[in-house]
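Worksheet: one structure, shown below.
By convention in this document, chain letters (A, B, ...) are assigned in the order of the sequence lines, proteins followed by strands, and residues within each chain are numbered from 1. Just so we're clear, the structure is a prediction, and the values are computed from it rather than from any experiment.
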Amino acid sequence: MRREVAMHAEMKDDHEEAELHRIRHSAAHIMAQAVMEMFPGEAKIAIGPPIEDGFYYDFELPRGLTPEDLEALEKRMRQIIQGDFPFERKVVSASEARRLFSDQPYKIELIDGLEQGGVDEYGEPTAVKPEISIYTHDSFTDLCRGPHVERTGRINPAAVKLLHTAGAYWRGDEHRQMLQRIYGTAWETGEQLEEYLWKLEEAARRDHRRLGRELDLYSVSDEVGPGLILWHPKGGLVRKISEDYCRAEHAAGGYDFVYSPHIGKSQLWETSGHLDWFRENMYSPIDIEGQHYYLKPMNCPFHLQIYKSQTRSYRDLPLRYAEWGTVYRYERSGVLHGLLRVRGFTQDDAHLFCRPDQMPVEIDRVLQFCLQLLRAFGFREFQAYLATRNPDKAAGEPEQWVAPTEALRAALERAQISYRIDEGEATFYGPKIDLKVKDALSRAWQLSTIQFDFTLPERFGLTYVGEDGKEHQPYMIHRALLGSMERFMGVLIEHFGGSFPVWLSPVQAVVIPIADRHVEYARRVAETLATGGLRVNVNDRNERMNAKIRDAQTQKIPYMLVVGDKEIANGSVALRLRSGENPGPVSIDAFQKRAAQEIAGHV
RNA sequence: GCCAGCGUAGCUCAGUCGGUAGAGCAGGCGUUUCGUAAACGUCAGGUCACGGGUUCGAGUCCCGUCGCUGGCUCCA
């Protein structure tokens, strides 16, 4: 019964999703018509699919679009919608299609692809040779597989909005023409559109770059360089608390801690294969007395050297080497983004070395450990991806990939996490599991990665002496659970909107004396709380209490402790929370208990 | 890297037609001593991203460089 209900709900979702897809796809066509009219004879249309939350269409135009253009296009779209023109589908031959789109080179290319049955509109191979269909509404005809709504009037003119423009390569290929993409969104109702726009605004309010500045967490300096993060005391504290917590968990989980340098000789990176497979992400070598050294893009080769520093017995395994290792990777300037995409970052990295028979257990353990850690930071929803071999970018023989890939899949099954297969998305050295978390706005962020590696133990000749007295090759697993501290902090900031749970808050409480005569008592209270381990300040600025509360609110400090004559008289504090809640007077003792409880509970 | 847009005080932003740079907040100093989201006054703060050009004169127009934003591509 319950199953049935669930399935019914799912079908309803699918149907709604399909209907929204039709609406968005149709809105894209209507937008294309408006653009064609704006640039008669000059606009070249490429593709315009529906996407999550909206649609886009790519154009080649004689000039750049302005925000005013978007307004005009939007206005024209509403007219077309109100015209209530039917969408008419027609199947045509390839030659007929070519004639229809003779002045549209991108469409001609698509038709060629369709005719060969080789590729679809994204350039992806298709299984069967598709029929060529066109859709017409009003004066506009597009090469299109559909589906569409029946009439333009099906679209709610109050629920459509053009958002912004961006450059996009034809078929995503940077060697090809750069087109102008217009992004838009479309919904069933104006309320849904409002809701979506509100979500965009909320995302902007939570933007970690904005909060990073407002809460004085970190900065990026032009003089240091792009993609290189400077952690300020408060951001540094949040990071340190996070790292300390993770270190303690790692220690309890049987990890050993190692440290390695930031550079290593070119020979090392040749042996590891990074110079073959990862060079485009590595910086130019540093010359030291005629030897080339590279800034490390990964920590693994160093950890392998530690493994190799002595003969290992099967009794020593598994070995788990953990390091908060700072790595440097070249990223093209256009992709850098706050803390989420940087050029220098610190991974919570570890390498597991184990016997083949231990491997399933190790993978189970690390997966469980990963989920446990992420839950401790307030994440509840996860999506797993199993990335398989990429034939163009893979070390070793295809057969070598089979067993590890299956081992990871089995681990996912055992952990009972829903997962998807990412065909061909593996690293060059082996298959992997990537884990994404969903944040408070249900946006997905990739944090964790668990990567099997059968190449490095071989390349570096790792061995252990087995029970049989012979040498064997250990299995190796790379894993980063929070991923990079930079990205993780960025995601945390956005997840909590800057209102960190108490245990992570850089300042947990601020004591607010109402007038100067209360400052001394405020200091005594703060001292007591600080002695108890709370991170607490006294706001003794020459300001009114209201201003001090406002300061604390904007800094998103969990506890505000107002003290005045009444509190001094009975040795209490008046508690206010950043939610605006006002629990009022409590004894210092009671407050300490409350705080301790919320800190321990990661509230 | 590519396309488009942007870059004025620590932050948010004005600055008209090319005519010698302005506000609020933040900061310093003073007054005020206040009960749950901004007291009042005063002072200071600028190589208008950087470099070049046009001009009698450039924050403003042109070129280049750097950086940022939205995307494309790629990833922790």
Side-chain angles (χ1 to χ4, degrees), chain A residues 56 58 60-61 63-67 163-183 207 209-210 213-214 216 219-227 278 280-281 297-298 325 327 329-349 425 427 432 434-436 445-449 451 478-488 490-491 512-519 541-555 560-567 574-578 580-585:
Chain A
Y56 67 80
D58 289 344
E60 185 188 323
L61 301 173
R63 63 168 175 85
L65 290 165
T66 64
L163 298 173
H164 55 264
T165 59
Y169 299 106
W170 169 234
R171 288 189 158 164
D173 183 343
E174 63 180 313
H175 301 298
R176 309 200 62 178
Q177 179 72 35
M178 172 68 75
L179 305 171
Q180 291 193 64
R181 175 171 297 178
I182 305 176
Y183 281 94
D207 191 310
R209 293 165 300 179
R210 170 193 177 137
R213 185 169 27 15
E214 287 174 1
D216 197 16
S219 64
V220 183
S221 158
D222 287 2
E223 291 180 59
V224 175
F278 209 68
E280 58 187 25
N281 286 295
M298 293 188 194
V327 298
R329 297 184 187 172
Y330 169 68
E331 297 286 356
R332 308 214 271 185
S333 55
V335 307
L336 299 174
H337 182 88
L339 294 173
L340 299 179
R341 206 51 197 286
V342 295
R343 285 180 173 159
F345 57 97
T346 302
Q347 295 179 303
D348 63 329
D349 205 2
E425 293 297 315
T427 61
K432 64 174 178 175
D434 284 336
L435 214 61
K436 291 186 183 179
W445 305 92
Q446 207 225 298
L447 300 177
S448 320
T449 185
Q451 310 181 339
H478 307 245
R479 40 115 292 183
L481 306 185
L482 306 188
S484 94
M485 295 312 297
E486 283 73 11
R487 172 189 241 128
F488 186 71
V491 173
I512 298 175
I514 289 171
D516 285 351
R517 65 178 180 280
H518 309 125
V519 169
R541 284 171 16 120
N542 182 12
E543 281 291 353
R544 293 175 59 217
M545 180 204 64
N546 287 301
K548 295 178 187 180
I549 285 180
R550 185 167 193 276
D551 283 352
Q553 287 287 154
T554 53
Q555 287 301 300
M560 285 157 259
L561 309 173
V562 178
V563 297
D565 294 335
K566 281 185 278 185
E567 286 71 25
L575 176 62
R576 178 194 161 106
L577 307 178
R578 61 190 159 184
E581 266 177 282
N582 203 347

Taking [M] as the reference, what is the distance to [N] when you measure between their [atom1] atoms (whole Å, please)?
N	M	atom1	value
B:G67	B:A49	C1'	7 Å
B:G46	B:G5	C1'	25 Å
B:A58	B:U32	P	50 Å
B:G15	B:G22	P	15 Å
B:C63	B:A26	P	41 Å
B:U12	B:U69	P	12 Å
B:A14	B:G24	C1'	11 Å
B:U20	B:G59	P	10 Å

Distance-minimising heavy-atom pair for [X] and [Y]:
X	Y	value
A:R576	A:P583	CA-CD, 4.2 Å
A:D58	A:R181	OD1-NE, 2.7 Å
A:R341	A:E331	NH2-OE1, 2.5 Å
A:N582	A:L575	OD1-O, 3.0 Å

Expressed in angstrom and rounded to an integer, what is the separation of [X] atom [atom1] from [N] atom [atom2]?
X	N	atom1	atom2	answer
A:R63	B:C3	CZ	C1'	15 Å
A:E60	B:A4	CD	P	13 Å
A:R213	B:A26	CZ	P	16 Å

### Message
Would you say A:E223 and A:S221 are linked by a side-chain donor-acceptor pair, where the criterion is simply a distance under 3.5 Å?
### Response
no
### Task
Going 5' to 3' through nucleotides 70-76 of chain B, assign each nucleotide B (protein heavy atom under 4.0 Å from a base atom), S (under 4.0 Å only from sugar-phosphate atoms) or - (no protein heavy atom that close).
BBBBBBB
### Task
Would you give a per-nucleotide map of nucleotides 35-45 of chain B, 5' to 3', where B means the base has a protein non-hydrogen atom under 4.0 Å away, S means only the sugar-phosphate does, and - means neither?
BBBBB------
### Query
Which is true for A:R541 with a 4.0 Å heavy-atom rule: it touches a base, it touches only sugar-phosphate, or it touches nothing?
sugar-phosphate
### Task
Using side-chain contact (heavy atoms from CB on, under 4.5 Å) as the criterion, point out the one residue from A:L447, A:L482, A:T346, A:L339 that pairs with A:R487.
A:L447
## Note on the structure
Parsed dot-bracket for RNA chain B after applying the Watson-Crick and G-U rules with both distances under 3.5 Å and | for other-strand partners is (((((((..((((.....[..)))).(((((.......))))).....(((((..]....))))))))))))....
### Task
Salt-bridge test for A:R171 and A:D173: reply yes if a basic N is under 4.0 Å from a carboxylate O, no otherwise.
no
### Query
Residues two or more places apart in sequence or in another chain: which of them pass side chain to side chain donor-acceptor pair (under 3.5 Å) with A:R550?
none
### Task
Would you please name every residue forming a side chain to side chain donor-acceptor pair (under 3.5 Å) with A:E543, sequence neighbours left out?
none
### Query
So do the side chains of A:P513 and A:K548 get within less than 4.5 Å of each other, counting heavy atoms only?
yes
### Message
Can you confirm whether A:V327 sits close enough to A:F345 that some side-chain heavy atom of one is under 4.5 Å from a side-chain heavy atom of the other?
### Response
yes
### A:Y169: partners by ring-ring contact (aromatic ring centres under 6.0 Å, His included), with sequence neighbours left out
none
